[in-house]
Amino acid sequence: MGSGRDKRKKLAKRAGKESEAASGASKTDRKTDKNTAKLERRHAKASAGDDIDAILASIKVLDAKQTTVEIEEDCDKPPPRCNCSWTPTLTPKPEELVMFGGEAVDPDGKTNVFGDLFRYDCGKNKWKKVKAPNAPPPRSAHQAVAHGGYVYLFGGEFTSPSQERFHHYRDLWRFDLEENKWENLPIKNGPSARSGHRMVNHPKGKSLLLFGGFYDTGHELKYYNDVWELAMATMTWTQRAGGGGRGSSNIGNVGPSPRSASHVSVSGDNLFVYGGYCKYAGDGEGDEGELEKGATFSDLWRLDLNTWGWEKSKKKGLAPGPRAGATSATHLAKKRAVLFGGVVDHEVRKGEVIISEFFSDAYSMSLDDGRWFPVTLYAEKNDKKGKAPGTETGGKEEAERVARGESVNKNFNVRDGATRAAIKIQAHYRGYAVRKAYKLYKVGGQVSELLYSPGSGEAAPRHAPRPRGRMNAAVAVKGNILYLYGGSVEIGDTEVTLDDLWALELTARPKWRLVAELSQECALLAGGDHAESSDDEEAEERERRGETGESDDE
């Protein structure tokens, strides 16, 4: 009996403990939910302010709630963005591009930074969104490269909503294309934290190469010209060239000056670096009293991947003039780099008016000899002829016509001196948000921007579809097609982030094709869609000339 009573006492005691444990677990769950809700409120509060550390901490806690891989098939296209990675996978099927991160400025002027991942099937024109545990924090101006069955991602920056504070990463991530899983790889003795760098596959296929970039916290500014190699077998970094940077004590080896947002390609035993941007401290003198100045480059350098020695190459052909915010991709099938867009400022009326010209042209550079060719657009056979090559308006002369009200051109943005003196305009000149350097550009005889390749075919008619000018668009080449997504433009004093998708056929007769038009909200902010209409433009032109007669072709 005694033992029985003792046994019942033990069972009751055990049941009581289990009940207490269940009650405790319930309390823990409620407490966790309460803490999560509190963190979400803190995140919203931090985002409303400019506490970048609090924002990143709250994002980390919220991301920890993602414990399984979720795939949204056939989803809508990504929201508007620029400065994202847009990476072609190496396998021929599916014809896929992987988009990660980026940033956008909302109508209220606040910057939103993304940490989402989309996979785009080029052949089927379908998107899918992947949510996976242990994903990289949101970022823009990072770099991603496909190697084997993975996409490797390094660096980037997180920008506070007001664009006043920045956090730069030096982390290395790997995304498994088969399993849709992220892995944070250990990094030792590798590149410093940075944004605006460039990464490419080594031609021999056993490593990745990284060049340049910048580090800017608002209090400390550095630009880099170093070259790093990441061995894929051991995941170890080795510095191969450079090492100095503007703002550091060591300028480094002879080679390209420190810079970000350059255009990097590889072919054979060579790595090519073209252009880029660098900002540095000014003297605080002059009309603008600028404490910061910028330089946009148009030089071409070749790095021998056997000796790791630099050689400056002579620019050949019809190269693009200096421009900020241009983007490029390598067309492997034709051994060339293709560059699109960008922006340049023109001062007219003795500096009283600033005209920002957003380019919609494309150039290609041969990786055999570094020769540049403008990409000439052609018309379909059943299209009526347009103007001859070289007659499309652009450059300072067109800027002056726009300033006088004699021409309407959606690729030109106008600001008067009073307006620009009263505000701090964000222009993403380094490929990322910085104060615009108004006196950065001079025309200086740069005529190649106005010229087109002397092809023997028909010029594309004015009503042929083509993207509007923009900066910081995402471009990638898959097969013989260059895909372009998003980017940003300035409309008056407002920066508008875009979400249209275009395809440029890199064939013997290149032409643009609109794959997905602007969302309604973007179209309203940008002043209409990007597909130009010949009839509307001709009507506007006749109205400006005071004509009502037949078209020029008749």
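FYI, side chains are in, hydrogens and waters are out, and symmetry mates aren't considered; it's all heavy atoms of this structure.
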Checklist line | Check against salt bridge (charged side-chain N to carboxylate O under 4.0 Å, His left out), Lys478 and Glu95 | finding: CA-CA 7 Å; Lys478 188 69 175 178; Glu95 301 172 359; over 6 Å; no
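- Residue Ala476 comes nearest to Pro88 through the heavy atom pair CB-CD, 4.0 Å, listed as atom of the first residue, atom of the second, then distance.
- Relative ring orientation between Phe340 and Trp512 is described as perpendicular, the plane-to-plane angle rising above 60° on a 0-90° scale split at 30° and 60°.
- Of the candidates Tyr150, Phe100, Tyr152, Trp182 forms a ring pair (Phe, Tyr, Trp, His ring centres under 6.0 Å) with just one, namely Phe100.
- Here the straight-line distance linking atom CH2 of Trp173 with atom CZ of Phe154 works out to 13.0 Å at 0.5 Å rounding.
- For Asn472 (side chain) and Gly487 (main-chain N/O), no donor-acceptor pair under 3.5 Å exists by modelled atom type.
- Put simply, the side chain of Glu357 gets close to the backbone of Gly395: a donor and an acceptor are under 3.5 Å apart.
- Within 6.0 Å of NZ in Lys128 there are more than 12 heavy atoms belonging to other residues, nucleotides or ligands.
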Notebook entry, point to check: Between Thr159 and Glu157, does a side chain to side chain donor-acceptor pair (under 3.5 Å) hold up when you go through it step by step?
Noted result: CA-CA 6 Å; Thr159 306; Glu157 71 179 44; 3.2 Å; yes
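- In plain terms, the two heavy atoms of Trp237 and Pro191 that are nearest each other are CD2-CD, 3.4 Å.
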Item checked: Test log, rule salt bridge (charged side-chain N to carboxylate O under 4.0 Å, His left out), inputs Arg470 and Asp500 -> CA-CA 11 Å; Arg470 64 190 70 192; Asp500 49 347; 2.8 Å; yes
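- For the pair Trp310 (side chain) and Ala241 (backbone), a donor-acceptor distance under 3.5 Å is absent.
- Side-chain atoms of Ser260 and His197, non-hydrogen and from C-beta on, never get closer than 4.5 Å to each other.
- Taken to the nearest 0.5 Å, the CZ atom of Phe297 stands 9.5 Å off from the OH atom of Tyr277.
- The shortest distance between side-chain heavy atoms of His168 and Phe214 falls below 4.5 Å.
- Formation of a donor-acceptor pair under 3.5 Å by the Thr327 side chain with backbone atoms of Ala473 is found in this model.
- Shown here for Leu305 and Pro203, the closest heavy-atom pair between the two residues is CD1-CD, 3.6 Å.
- Judged by distance alone, the side chain of Ser328 and the main-chain N or O of Leu339 form no donor-acceptor pair under 3.5 Å.
- Between the Arg468 side chain and the Lys410 main chain, a donor and an acceptor come within less than 3.5 Å of each other.
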Margin query: One pair to check against side-chain contact (heavy atoms from CB on, under 4.5 Å): Val273 and Leu300. What are the steps and the verdict?
Written below: CA-CA 6 Å; Val273 173; Leu300 176 63; over 6 Å; no
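- Asp76 CG: 12 or fewer foreign heavy atoms inside a 6.0 Å radius.
- A donor-acceptor pair under 3.5 Å is formed between the side chain of Arg259 and the backbone N or O of Ser257.
- Panel note: side chain Arg81, backbone Pro79; a donor-acceptor pair is recorded below 3.5 Å.
- With no hydrogens or angles considered, no side-chain donor-acceptor pair links Glu229 and Thr238 at under 3.5 Å.
- Asn413 has its side chain within reach of Phe358: a pair of non-hydrogen atoms, C-beta onward, lies under 4.5 Å apart.
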Note to self: side chain to side chain donor-acceptor pair (under 3.5 Å), that's the test. Do Thr111 and Gln163 meet it? Break it down for me.
What the structure shows: CA-CA 7 Å; Thr111 298; Gln163 297 187 3; 2.6 Å; yes
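- Between Lys335 and Leu332 the shortest side-chain heavy-atom distance does not fall below 4.5 Å.
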Next item on the list: Apply ring-ring contact (aromatic ring centres under 6.0 Å, His included) to Trp127 and Tyr485, showing your working.
Entry: CA-CA 13 Å; Trp127 295 90; Tyr485 192 89; 5.7 Å; yes
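- No hydrogens or angles considered: a donor-acceptor pair under 3.5 Å links the side chains of Ser366 and Asp369.
- A heavy-atom distance below 4.5 Å is found between the side chains of Tyr483 and Leu97.
- In the model, Ser192 has a side-chain atom that pairs as donor or acceptor with a side-chain atom of Arg194 under 3.5 Å.
- You'll find the side chain of Ile187 stays beyond 4.5 Å of the side chain of Asp171, heavy atoms only.
- Separation of atoms NE2 (His147) and NZ (Lys206) is listed at 10.0 Å; rounding is to 0.5 Å.
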Notebook entry, point to check: Going through the distances and angles, do Lys315 and Asp299 end up as a salt bridge (charged side-chain N to carboxylate O under 4.0 Å, His left out)?
Noted result: CA-CA 7 Å; Lys315 193 160 52 176; Asp299 49 350; over 6 Å; no
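- A distance-only check finds a donor-acceptor pair linking the side chain of Lys77 to the backbone of Asp499 [under 3.5 Å].
- The line from CE of Met99 to SG of Cys84 is 4.0 Å long, rounded to the nearest 0.5 Å.
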Check: side-chain contact (heavy atoms from CB on, under 4.5 Å) between Trp372 and Met365: does it pass, once the steps are laid out?
Finding: CA-CA 4 Å; Trp372 285 94; Met365 185 190 77; 3.7 Å; yes
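- Atom CG of Leu221 is separated from atom CG of Asp216 by 4.5 Å, given to the nearest 0.5 angstrom.
- Looking at Met471 and Val489, their side chains never come closer than 4.5 Å, going by heavy atoms from C-beta outward.
- Side-chain contact check for Pro256 versus Trp301: some heavy-atom pair is nearer than 4.5 Å.
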Note to self: Let's go through Leu504 and Val475 carefully: what are the C-alpha distance in whole Å and the side-chain angles of both, what is the deciding distance for side-chain contact (heavy atoms from CB on, under 4.5 Å) to 0.1 Å, and is it a yes or a no?
What the structure shows: CA-CA 10 Å; Leu504 174 61; Val475 296; over 6 Å; no
Next item on the list: Evaluate side-chain contact (heavy atoms from CB on, under 4.5 Å) for Leu367 paired with Thr330, printing each intermediate quantity in order.
Entry: CA-CA 9 Å; Leu367 298 180; Thr330 301; 4.1 Å; yes
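- Using a 3.5 Å distance cut-off with no hydrogens or angles, the side chains of Asn180 and Arg119 do pair a donor with an acceptor.
- At least one donor-acceptor pair under 3.5 Å links the side chain of Thr497 to the backbone N or O of Val105.
- To the nearest 0.5 Å, atom CD of residue Glu311 and atom CG of residue Asn270 are 9.0 Å apart.
- By the neighbour-count criterion of 12 heavy atoms within 6.0 Å, atom CD of Glu183 is densely surrounded, having more than that number from other residues, nucleotides or ligands.
- Between Tyr169 and His167, the ring planes are perpendicular. Angles over 60° get that label, and only those under 30° would be called parallel.
- Around CG of Asn306, the count of heavy atoms belonging to other residues, nucleotides or ligands within 6.0 Å exceeds 12.
- Aromatic ring pairs are classed by plane angle as parallel below 30°, tilted from 30° to 60° and perpendicular above 60°; the pair Tyr274 and His263 is tilted.
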